Structures are given as structure tokens and as C-alpha cells.
S.K.: 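Let me give you the structure first, and then I'll get to my questions.
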Amino acid sequence: MSDHIHHHEHDHDGHTSFVTHYAMKDYAIGFVLSLILTAIPFWLVMGHVLPPETTKYVIMGFAAVQFVVQMMYFLHMNSKSEGGWNMMALILTVVLLVIVLAGSIWVMTHMNANMMPSMGGASDTTHGMHDMQ
């Protein structure tokens with residue numbers, strides 16, 4: 001990717017800045033990787049290749065990888081651009097991504113137990129409330 005990055009110095013009012021140009025090849029690689037990282041989870045779900053419990057973790061893994069790929073190829077976030085500040089933004093984004101994914105896993109794991117009352121007989125209609133007479 002760095003083979004196609006060209007820096008041109010522009011001097012406006014005594015300030016030197018660098019303008020980065022990216023090649024179409026970088027965008028094409030990012031696009032193809034995004035397609036692959038979308039098609040594989042789709043195939044896993046539609047083909048019932050893995051058990052449902054495993055599938056949701058694999059899908060989240062592919063989503064995390066796709067997120068990082070898109071940040072690198074489309075937003076051009078790396079350690080060299082903007083004096084390293086883009087790398088700090090990438091690290092913050094990865095931390096937030098881990099928090100969101102961990103929260104999603106926690107919600108999906110506990111959703112059935114917390115949201116659905118037991119579907120037992122008529123004795124469960126009070127949902128744990130005692131007779132108030």
C-alpha cells in the first residue's frame with residue numbers, strides 16, 4: 001500500500017503541508033476484502049455450516065476484521081499519516097469495537113433468559129409473585 005502513496009509539498013503562506021494521494025488499487029483491494037468478509041458470514045448462516053452458538057461469534061469476528069479493513073483501506077488510517085494521530089484514533093476505535101462486541105455477546109447470551117418468562121403451566125402466570133390475600 002505504501003508503494004502508491006505520494007507526498008507532495010505545498011507551501012501556502014509559509015506553511016508546509018503534505019497531500020497524500022492514494023491509488024485506485026488500494027480502494028479495489030479494500031472493496032474485494034470487504035466483499036469476501038461479507039460473503040463468508042452470509043454463506044455460514046445460509047448454509048448452516050456451524051452451530052448457531054459458534055456462528056454468532058464467527059460473524060462478530062468477521063465484522064471486527066471488516067471494520068479494521070475498511071478503516072485502513074477507505075479511511076487510510078495507519079501509523080504514518082497525520083503524525084501518528086490516526087493510529088491513536090484507530091486504537092480508540094478498536095477499544096470501542098471490543099466494548100460493543102463484548103456487550104453484544106453479553107446481551108445475546110442473556111437475552112433469552114432475561115426477556116422470556118418461563119412458558120410453563122398456569123402456576124407460572126404470576127411470574128414469581130406470591131398470593132397477596
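Here the structure is a predicted model, which is why all the values come from computation and not from measurement.
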S.K.: What pairs of residues pass the salt bridge (Lys or Arg N to Asp or Glu O under 4.0 Å) test when at least one of them lies in residues 60-77, not counting sequence neighbours?
M.R.: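 Every pair satisfying salt bridge (Lys or Arg N to Asp or Glu O under 4.0 Å) with a residue in residues 60-77: there are none.
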
S.K.: By the salt bridge (Lys or Arg N to Asp or Glu O under 4.0 Å) test, which pairs, at least two apart or in different chains, include something from residues 27-47?
M.R.: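 Residue pairs with at least one partner in residues 27-47: there are none.
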
S.K.: Would you list the pairs meeting salt bridge (Lys or Arg N to Asp or Glu O under 4.0 Å) in which at least one residue belongs to residues 57-67, sequence neighbours left out?
M.R.: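 Passing the test, one end in residues 57-67: no pairs.
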
S.K.: With sequence neighbours left out, which residue pairs that include part of residues 29-49 fulfil the salt bridge (Lys or Arg N to Asp or Glu O under 4.0 Å) condition?
M.R.: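 Not a single pair qualifies under salt bridge (Lys or Arg N to Asp or Glu O under 4.0 Å).
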
S.K.: Return a table of donor-acceptor pairs under 3.5 angstrom between the side chains of residues 54-65 and protein atoms on other chains or two or more places apart.
M.R.:
residue, atom, partner, partner atom, Å
Thr55, OG1, Leu50, O, 3.2
Thr55, OG1, Pro51, O, 2.8
Lys56, NZ, Glu53, OE1, 3.4

S.K.: Hey, can you pull the donor-acceptor pairs under 3.5 Å for the side chains in residues 93-101, sequence neighbours left out?
M.R.:
residue, atom, partner, partner atom, Å
Thr93, OG1, Ala89, O, 2.7

S.K.: Considering only Ile, Leu, Val, Met, Phe, Trp and Tyr, and joining two whenever side-chain heavy atoms are under 4.5 Å apart, list the other residues clustered with Phe42.
M.R.: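 Answer for Phe42: Met46.
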
S.K.: What pairs of donor and acceptor atoms, side-chain ones from residues 34-41 against any protein atom, are under 3.5 angstrom apart with sequence neighbours left out?
M.R.:
residue, atom, partner, partner atom, Å
Ser34, OG, Gly30, O, 2.9
Ser34, OG, Gln70, NE2, 3.4
Thr38, OG1, Ser34, O, 2.8
Thr38, OG1, Gln66, NE2, 2.8

S.K.: Between CZ of Phe31 and OH of Tyr73, what distance do you get to the nearest 0.5 Å?
M.R.: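 If I round to the nearest 0.5 Å, the distance is 15.0 Å.
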
S.K.: Could you tell me which residues satisfy ring pair (Phe, Tyr, Trp, His ring centres under 6.0 Å) with Trp106, sequence neighbours excluded, listed by chain and number?
M.R.: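 For Trp106, the residues satisfying ring pair (Phe, Tyr, Trp, His ring centres under 6.0 Å) (neighbours in sequence not counted) are His110.
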
